[in-house]
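To start, the structure under review is shown below, and the notes come after it.
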Amino acid sequence: MTTVITRFPPSPTGHLHVGGARTALFNWLWARKNSGRFTLRIEDTDAARSSEEMTQGILDGMRWLGLDWDEGPYYQSRRIDLYNEYIDRLLQTGHAYYCACTPEEVEAMRTQARASGAVPKYNGRCRDKGLTSGPGRVVRFKAPLSGETGFLDLVKGPISVPNTQLDDMVLRRLDGMPTYNLAVVVDDVTMNMTHIIRGDDHLSNTPKQVLLYEALGRPLPQFGHVPMILGPDKKKLSKRHGATSVTAYRDLGYLPEAMVNYLVRLGWSHGDQEIFSLDELLTHFSLEHLGSSACVFDQSKLLWLNAHYIKSESPARLAGLLAEHLGRRGQPESGAAYLEAVAPLLQPRAGTMVEMAEMAEFFVAGDDELVMDEAAATKFLTAQVKEHFAVLHFLLRDAPGFDQAALEALFTRYLEGKGVAFKILAQPLRVVLTGKTKSPGLFETMEVLGRDRVLRRLANALRRME
RNA sequence: GUCCCCAUCGUCUAGUGGCCUAGGACGCUGGCCUCUCACGCCGGUAACGGGGGUUCAAAUCCCCCUGGGGACGCCA
């Protein structure tokens, strides 16, 4: 049994977007599930469009998702000699040749072919000229003129394309850099890849790569092409559709496990199961259940999953995240213990950590800086409730206990004595303590706020109602 | 234009010839719970693109059509 080796080869010309993250996840899962190795490779042969900053962003995204790699990151830009070795070999074995045509000439061939309804491709003018190395010359692959090239795809099944569709692709550019197709094949061969799981958009590249494997005399790895992720308009997902990079979701307050869970279910399924722990993913993930049709990125389902994970996450971890987001919103620092007490009240209510931070503001705001919903204050802080609050202030001050149960008992006793329903006082009290008309339950809120804050906010309200 | 791929509720999907008058989940929606908002619970809405075959039997297999996506770079 050979060791499973997979890879994720992003091009550092953009962020780690959700589509890339999903293929990375699939490759990672497959390697981990089979106790194999997962390799990271940076495809930066396009020097002009690649940047170190993008590379770091991609690595950050990977780490955030928890997709650790066993090898790499390898940089293609540092492996040029290796690629040249292989190109020379192809030249020697007659699988490649030098071509002196300029990009403009090639472009003209394509437009001409297109105009006459033919396949737009290089016409092979230098194919049999026997040109040797020289300035202004690229190296092209000598592709078969007839026949078919095919392979068995893990998700799509048998794929085959007439060779007349393929042209003599460039292997080495004018600037001496290898092209993508050559570099991937050389890398995948030398790094011993066993499985190549990648986006559907590479499907039509694969026959060209298959030809290269054959020319090199190397066995094919297993290819698996997963369908694309589309936007709600069913077009290829792009910035137009809103957040597409995984780090954007992190900043929006999504939990990595929610992202992973959402992504894995996009194109893969295990019966009716929706929620997967990492362990479950590792035991259940399979290539056979990868879907074969494109899917739409559905933000609302991601949000639901995130809410789910927030509910089940430990208050301690949430407190850390909460502090971070609160800080970002310019709120003063609060103790970890306090935030850890706040979190459970907000967990069932927050869809994202950004939302939780927003809801947590009244907990951490200074009593005098509490943002008051004025309309609500006018509506609820009436003369009638003022009398009650005045008494309640004393009762709360002298209450022996300040926990939820004690508070509830205190209120019940008071209300029964006055013959008043809690409903009458609930909203006014909520506005006084939180500044808003929506909040967690009053008794738990008071317990967490603590006696001092409650008393000060009550006193402030009393003063206001003078 | 050519080639390749795809096709079940609005969305993600289950379904591998009979268990399907098509199941789950998100969303939307009715109700319950209730100090507000949520959570939760119960219920509802909604799909096999069309046409031909094959078969005793088709969402499932084959063909055509239609629709969608992708690729045709000295980008990856």
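Proteins get letters first, then strands, A, B, ... in listed order; numbering begins at 1 in each. Excluded from the calculations below are hydrogen atoms, water molecules and symmetry mates; all remaining heavy atoms, backbone and side chain alike, are included.
Among the protein residues, A:Thr13 comes within range of no part of the nucleic acid, since none of its heavy atoms lies under 4.0 Å from any strand. Here A:Leu203 lies in heavy-atom contact (under 4.0 Å) with sugar-phosphate atoms only. A:Arg49 comes within 4.0 angstrom of a base, heavy atoms only. A:Thr149 comes within contact range of no nucleotide atom at all, as no heavy-atom separation falls under 4.0 Å. Residue A:Ser160 is in sugar-phosphate contact alone, with no base atom involved, counting any heavy-atom pair closer than 4.0 Å across all strands shown. Among the heavy atoms of the strands, none lies under 4.0 Å from A:Asp175. Counting any heavy atom pair closer than 4.0 Å across all strands shown, A:Glu274 reaches a base atom. Heavy atoms of A:Lys311 sit under 4.0 angstrom from primed sugar atoms or phosphate atoms, though from no base atom. Among the atoms of the strands shown, only primed sugar atoms or phosphate atoms (P, OP1, OP2) are found under 4.0 Å from some heavy atom of A:Val296. Within the nucleic acid shown, A:Lys235 comes within 4.0 Å of sugar-phosphate atoms alone, with no base atom in reach, counting heavy atoms only. Residue A:Ser439 is classed as a base contact, given a heavy-atom separation below 4.0 Å to a base.
By the rule that a glycosidic angle within 90° of 0 means syn, B:C39 counts as syn.
Applying the Watson-Crick and G-U wobble criteria (two distances, each under 3.5 Å), B:A7 pairs with B:U66.
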query = Should A:Tyr97 and A:Asp168 be marked as a side chain to side chain donor-acceptor pair (under 3.5 Å) after you check the CA-CA gap, both sets of side-chain angles, and the distance that decides it?
reply = CA-CA 9 Å; A:Tyr97 61 92; A:Asp168 287 357; 2.6 Å; yes

Show the atom names and distances, to 0.1 Å, of all donor-acceptor pairs under 3.5 Å that link a side chain in residues 412-421 of chain A to residues at least two apart or in another chain.
| unit_1 | atom_1 | unit_2 | atom_2 | d |
| --- | --- | --- | --- | --- |
| A:Thr412 | OG1 | A:Glu408 | O | 2.7 |
| A:Tyr414 | OH | A:His388 | ND1 | 2.7 |

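With centres under 5.5 Å and a plane angle under 30° as the test, the ring of A:His202 is not stacked against the base of B:G70.
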